[in-house]
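Numbering starts at 1 and runs along the sequence shown. In each ligand, atom 1 is the first atom listed, and ligand 1 is the first ligand listed.
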Amino acid sequence: MNGDVARLPDNLLQRRRIAYFSMEIALRAEIPTYSGGLGVLAGDTLRSAADLRLPLVGVTLVSRQGYLRQEIGEDDWQRDLPDPWDPARWTRPIGAKVTVEIAGRAVWVQAWLYLLEGGTGGSVPVLLLDTDLPENHPEDRRLTDLLYGGDREYRLRQEMVLGIGGVRLLRALGFSVEGYHLNEGHSALLVLELARFHERRDGGGLTRFDLDEVRRRCVFTTHTPVEAGHDRFSWELVERLMRPEDVNLLREALEGESELNMTCLALRLSAFVNGVAKRHAEVSRRLYPGYRVHAITNGVHPDTWAHPALAALYDRFITGWRHEPELLVRAEAIDDGEIWKAHRVARESLFRQVRERAGVQLDHDRPVIGFARRMTGYKRPTLIFEEPERLRAIHRKSPFQLLVAGKAHPQDGPGKEAIRTIVRIARELEAEGPRVVFLPDYDMALARHLVAGCDVWLNTPLPPMEASGTSGMKAAFNGVLNLSILDGWWLEGCIEGVTGWAIGNGEQDDRDGDVESLYTKLEQVVLPTWYGDRRRWIWMMKQAIGKNAYYFNSHRMMRRYATDAYYHFL
Ligand SMILES: *Cc1c(COP(=O)(O)O)cnc(C)c1O
């Protein structure tokens with residue numbers, strides 16, 4: 001960070017705000033500070049907040065090395081390359097500095113300001129915390145480099161910077177913050193700073209922290225039932241890095257816990273807790289008995305995820321949809337020929353990407369199935385490849401092409417194994433099978449092409465692990481039909497044969513049944529409809545827009561947060 005720091009524009013300080021804390025936020029395609037759905041959702045959250053003029057301020061880490069740039073090596077194995085970016089290119093440094101004491105050493109924290117501009121003149125400031133300052137110890141300068149990298153200790157140090165440093169910096173900059181929204185548990189250490197603040201405000205001399213007041217101010221959204229998504233730290237590590245009074249407070253708040261569990265901390269100190277779909281809230285209630293877990297189903301940002309060709313069409317037929325996506329309920333008013341033409345435009349721009357990225361020319365007369373998501377166990381990315389002979393047989397009757405993309409976390413061996421399997425099967429299938437293309441380096445930019453230009457959007461997670469899933473909602477915004485396991489949002493969105501199709505019956509673990517159901521549906525329903533009943537297909541595209549996009553958008557989601565979770569802060 002250079003010394004040329006700016007003042008915070010005064011107008012940003014005029015409103016009381018809700019601070020939205022997230023380890024990752026996908027601010028724009030050019031800023032690689034996200035790893036997947038959590039970050040993209042955080043970005044869509046703030047984009048809708050800007051559009052709706054909800055007074056939020058985002059807080060995250062600058063993650064100078066990005067998440068990872070993915071290449072596939074000669075051996076078909078994923079290479080993890082750094083994906084550095086230059087904060088000065090997109091943000092401006094803001095002149096306030098605070099310290100966080102970590103392992104007895106003061107770590108200085110400063111922020112970059114990114115102003116997220118809404119389509120209606122509103123905006124949301126986002127602070128990207130940075131410890132790469134000359135006054136810091138060389139080791140501490142690296143704390144805001146890696147997203148989900150390093151070891152447990154590195155992660156805890158990062159979470160101290162995010163939670164404690166974030167609150168201090170907001171205060172130092174003069175923000176008046178009414179409520180705190182913890183997007184996942186990574187930022188839960190912010191409660192320490194809130195507790196301290198309330199202690200001071202009460203005139204000192206207090207021996208107990210007013211945790212009720214902290215609780216009143218916190219909203220916690222949990223995003224996954226998957227174990228790896230919940231940070232835990234041993235008390236030994238916590239005691240080594242944190243000040244004794246903070247350790248005491250945490251032990252008090254977490255009495256009886258054998259470790260510092262960030263989810264548990266967030267649960268205990270938030271008055272409002274929610275899961276990201278109805279099924280996910282139910283699953284979370286079972287995982288965390290004794291807590292009231294609400295459901296606010298995720299959504300995606302209309303303007304970000306509707307392809308320009310589709311958006312132009314909505315502008316003509318459904319005036320006002322950008323601010324009020326509920327109006328998409330009128331999707332049936334769109335002319336059949338026009339919607340198909342817009343879809344062809346989106347398909348053509350995807351085909352161009354595939355040519356440029358993989359040197360492959362797709363066939364204009366065949367449907368494209370897309371599967372893109374983080375490559376990790378519960379997403380079951382190899383499920384459709386379970387029986388290559390069956391895929392060949394289906395392809396002989398009704399030819400199709402399949403696009404696959406997704407990154408594996410650098411430490412996720414099985415995830416990388418899945419990628420290798422897919423790349424190898426793609427090669428095998430070249431002889432008399434469907435064309436399968438693995439597109440490296442899945443990110444927001446590639447996602448925008450895929451969710452608009454495919455015909456079918458496939459999802460095959462292991463229920464009930466897909467808390468929500470959001471890429472299928474992006475597909476719906478483009479009239480791309482979902483073919484998905486009944487889990488997460490799809491339990492709420494699927495009307496069989498109308499908005500898309502279900503795979504299996506949503507039962508816990510029935511891989512064989514799911515594989516069979518997927519092949520049967522593809523062979524007997526999906527592909528025959530594409531080839532034989534184009535009118536029905538187009539009708540379904542409009543149902544997906546009118547019944548799914550109209551609801552599963554982040555404007556509706558943020559209006560829900562405003563009325564259910566934020567109302568006493570607004
Ligand atoms: C939307 C999105 C995701 C999340 O997709 P899921 O359906 O939840 O798996 C992940 N990565 C990128 C780049 C996205 O745009």
Side-chain angles (χ1 to χ4, degrees), residues 22 24-45 47 66-70 83 147-148 183-184 221 223-226 229 275-277 279-280 297-307 350 353 370-381 383 403-409 412 415 418 439-454 456-478 480 482-485 487-494 500 548-549 552-554 557:
S22 185
E24 47 173 316
I25 304 180
L27 294 167
R28 59 189 300 139
E30 297 89 342
I31 303 183
T33 56
Y34 61 95
S35 79
L38 181 70
V40 175
L41 178 88
D44 282 357
T45 295
R47 280 183 276 277
Y67 177 52
L68 72 92
R69 196 161 58 76
Q70 178 195 54
D83 196 6
L147 177 62
Y148 306 133
N183 191 47
E184 260 309 340
T221 303
H223 284 266
T224 178
V226 177
V276 290
R279 158 73 72 88
H280 176 236
T297 301
N298 279 342
V300 299
H301 185 248
D303 221 17
T304 302
W305 297 106
H307 186 279
L350 171 62
Q353 285 297 315
F371 180 97
R373 47 205 78 248
R374 285 183 304 113
M375 291 285 161
T376 187
Y378 81 90
K379 299 268 195 186
R380 300 195 295 187
L383 194 109
L403 296 177
V404 184
K407 296 172 182 172
H409 185 277
D412 186 349
L439 297 166
D441 212 29
Y442 182 47
D443 63 3
M444 231 178 133
L446 180 54
R448 289 177 72 163
H449 288 288
L450 284 166
V451 299
C454 289
V456 177
W457 196 249
L458 177 70
N459 195 14
T460 54
L462 170 65
M465 304 311 249
E466 184 81 310
S468 163
T470 50
S471 59
M473 304 172 182
K474 302 168 192 167
F477 257 96
N478 295 287
V480 172
N482 277 275
L483 168 62
S484 170
I485 294 279
D487 197 16
W489 83 281
W490 194 230
L491 280 163
E492 295 165 52
C494 178
N548 284 168
F552 298 98
N553 59 76
S554 48
M557 176 183 81

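Annotation: side chain of Q353 is not in contact with side chain of L450 (no heavy-atom distance under 4.5 Å).
F552 and W489 have perpendicular rings, their planes meeting at more than 60° on a 0 to 90° scale where under 30° would count as parallel.
Without hydrogens or angle criteria, N482 side chain to V456 main chain gives no donor-acceptor distance under 3.5 Å.
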Show me the short polar-atom pairs for ligand 1: any N or O of it lying under 3.5 Å from a protein N or O, with distances only.
unit_1, atom_1, unit_2, atom_2, d
ligand 1, 7 (O), R373, NH1, 3.1
ligand 1, 7 (O), T470, N, 3.3
ligand 1, 7 (O), S471, N, 2.9
ligand 1, 7 (O), S471, OG, 2.5
ligand 1, 8 (O), T470, N, 3.0
ligand 1, 9 (O), R373, NH1, 3.3
ligand 1, 9 (O), K379, NZ, 2.8
ligand 1, 15 (O), K474, NZ, 2.6

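One finds a salt bridge joining D487 and R279 here, because a Lys/Arg side-chain nitrogen approaches an Asp/Glu carboxylate oxygen to under 4.0 Å.
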| task | Please test E24 against Y67 for side chain to side chain donor-acceptor pair (under 3.5 Å), starting from the C-alpha separation and ending with a verdict. | result | CA-CA 10 Å; E24 47 173 316; Y67 177 52; over 6 Å; no

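Listed by first then second residue, pairs satisfying side-chain hydrogen bond (donor to acceptor under 3.5 Å, both in side chains) with a partner in residues 456-467 read R373-N459, K379-E466, W457-S471, N459-E466, not counting sequence neighbours.
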